[in-house]
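What's counted below: heavy atoms across the whole structure, side chains too, no hydrogens, waters or symmetry copies.
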Amino acid sequence: MSALRLINETIATDGVAEVNVTDVFSSDFDIYQITFTDLRTNSGADFNMRWLNTSGSAVTSSQYDRAKHYLPAGGTFGEVRNTNQNYIQRPADAFGYSSSGQTGFGSMYVFNPYSSSSYTFFIAQGGLKGGSNSTFAKDIGVLTETTSISGFKFYVSTTFKTLNVRTYGLRVDS
């Protein structure tokens, strides 16, 4: 039996500005994997994320913290730290500023999202390939409130051309 169980696959349609993936986190798992593939936007755009509570509403409180280490193909490595934000800015930085001919990709592990007694943590890595801005990034982050999270939303400042999102539950054997 596989340790990963596919819970949901969502494919964005051309022209939408946000993609909501609801009711994927539950008490069935403590660890989830979210994969991102084929991310393209109709023009250069920031790719951002928010958690959704069990009512399906976006968590917009200023309690998102994260740190990023980015590795551009032709430049200097760098770090970014944000605290007290009301969203996750460019998870796995590779998804930011996607432009014509570039495709974003990545993977995120989410820990204890459904628990109302612990924070929601994530680690992510991903990249942006194509064009002159190919890059790779690693992120860590936390929502510093004890809200039960059942889903997430991705959104861009323009519109998506394509995006494929898969959510898996990770079985942990004891």
Side-chain angles (χ1 to χ4, degrees), residues 1-12 17-39 46-71 78-96 104-128 135-156 160 163-174:
M1 180 174 211
S2 172
L4 286 176
R5 181 187 310 161
L6 178 63
I7 296 170
N8 177 278
E9 180 174 19
T10 301
I11 299 172
E18 64 181 51
V19 174
N20 292 303
V21 180
T22 59
D23 301 320
V24 290
F25 303 143
S26 69
S27 59
D28 292 344
F29 300 96
D30 293 328
I31 304 170
Y32 294 84
Q33 181 184 26
I34 302 168
T35 62
F36 319 85
T37 57
D38 202 25
L39 168 62
D46 265 350
F47 175 73
N48 300 309
M49 179 179 189
R50 283 193 170 123
W51 300 120
L52 301 176
N53 63 26
T54 54
S55 300
S57 300
V59 176
T60 58
S61 60
S62 296
Q63 294 188 260
Y64 291 88
D65 297 346
R66 68 141 186 168
K68 174 185 304 298
H69 186 74
Y70 59 93
L71 315 142
E79 294 179 0
V80 175
R81 293 179 194 92
N82 302 105
T83 58
N84 303 320
Q85 303 296 300
N86 65 1
Y87 66 104
I88 301 169
Q89 181 184 30
R90 296 185 305 233
D93 195 46
F95 306 123
F105 61 92
S107 177
M108 174 184 280
Y109 284 92
V110 183
F111 303 91
N112 301 314
Y114 198 72
S115 173
S116 60
S117 62
S118 64
Y119 293 162
T120 298
F121 290 86
F122 76 88
I123 56 174
Q125 60 185 8
L128 185 64
T135 187
F136 185 79
K138 290 184 162 256
D139 283 66
I140 59 171
V142 61
L143 176 65
T144 58
E145 67 178 62
T146 54
T147 300
S148 184
I149 302 299
S150 65
F152 53 94
K153 96 184 224 176
F154 294 121
Y155 59 99
V156 291
F160 289 104
L163 173 63
N164 187 332
V165 181
R166 289 186 178 116
T167 307
Y168 300 88
L170 178 64
R171 188 186 81 226
V172 178
D173 292 330
S174 51

_For Y155, give me all partners under side-chain contact (heavy atoms from CB on, under 4.5 Å), at least two apart in sequence or on another chain._
E18, N48, R50, Y87, K153
*Looking at CG of L6 and OG1 of T167, how far apart are the two atoms once the value is rounded to the nearest 0.5 Å?*
8.0 Å
_Side-chain heavy atoms of S150 within contact of D23, under 4.5 Å_ = yes
_Exceeds 12 heavy-atom contacts within 6.0 angstrom, atom OH of Y168_ = yes
*asked:* Looking at T147 and I149, would you say the former's side chain and the latter's main chain have a donor-acceptor pair under 3.5 Å?
replied: no
*Under the side-chain contact (heavy atoms from CB on, under 4.5 Å) test, which residues partner S62, sequence neighbours left out?*
N86
*asked:* Are the side chains of I7 and F25 in contact, using a 4.5 Å heavy-atom criterion?
replied: no
*side chain to side chain contact (heavy atoms under 4.5 Å, CB included) between F122 and T120, worked out*: CA-CA 7 Å; F122 76 88; T120 298; over 6 Å; no
*Just by modelled atom types, is the S57 backbone N or O under 3.5 Å from a matching donor or acceptor in the S55 side chain?*
no
*asked:* Side chains of Y109 and I31, heavy atoms from C-beta outward: is any pair under 4.5 Å?
replied: yes
_Residue pair V142 / F121: nearest heavy atoms and the distance that separates them_ = CG2-CE2, 3.5 Å
*asked:* Measuring only between side-chain heavy atoms, which start at C-beta, is Y32 closer than 4.5 Å to P113?
replied: yes
*Taking side chain as C-beta onward, heavy atoms only, is D65 less than 4.5 Å from N84?*
yes
*Determine whether the aromatic ring centres of F160 and F154 lie less than 6.0 Å apart.*
no
*Say you draw a straight line from CZ of F105 to CD of Q125; how long is it, rounded to the nearest 0.5 Å?*
9.0 Å
*Over all heavy atoms of both residues, which pair between P91 and K68 is shortest? Give the atoms and the distance, please.*
C-NZ, 4.3 Å
_From CA spacing to verdict: side chain to side chain contact (heavy atoms under 4.5 Å, CB included), V165, F152_ = CA-CA 11 Å; V165 181; F152 53 94; 3.8 Å; yes
_Check against side chain to side chain contact (heavy atoms under 4.5 Å, CB included), F111 and I123_ = CA-CA 9 Å; F111 303 91; I123 56 174; 4.0 Å; yes
*Between atom OH of Y64 and atom CD of Q89, what is the distance when rounded to the nearest 0.5 Å?*
13.5 Å
*OG1/T10 to CG/L163 distance, rounded to the nearest 0.5 angstrom?*
8.5 Å
*Closest approach of G151 to V24 (non-hydrogen atoms, all atoms of both residues)*: CA-CG2, 4.1 Å
*Measure the spacing between CZ of R90 and CG of D139 and express it to the nearest 0.5 Å.*
10.0 Å
*Going through the distances and angles, do W51 and I88 end up as a side chain to side chain contact (heavy atoms under 4.5 Å, CB included)?*
CA-CA 9 Å; W51 300 120; I88 301 169; 3.9 Å; yes
*Separation between CG of N53 and OG1 of T60, rounded to the nearest 0.5 Å*: 9.5 Å
*Spell out, as yes or no, whether a donor-acceptor pair under 3.5 Å connects the side chain of Q63 to the backbone of T144.*
yes
*Taking the side chain as C-beta and beyond, is there a heavy-atom pair between L4 and R166 under 4.5 Å?*
no
*asked:* Under the rule for side-chain contact (heavy atoms from CB on, under 4.5 Å), what residues qualify as partners of T22, not counting sequence neighbours?
replied: N20, L52
*asked:* Do V80 and R66 have side chains that approach each other closer than 4.5 Å (heavy atoms only, starting at C-beta)?
replied: yes
_Less than 4.5 Å apart, side chain to side chain, heavy atoms only: is that true for S107 and T35?_
yes
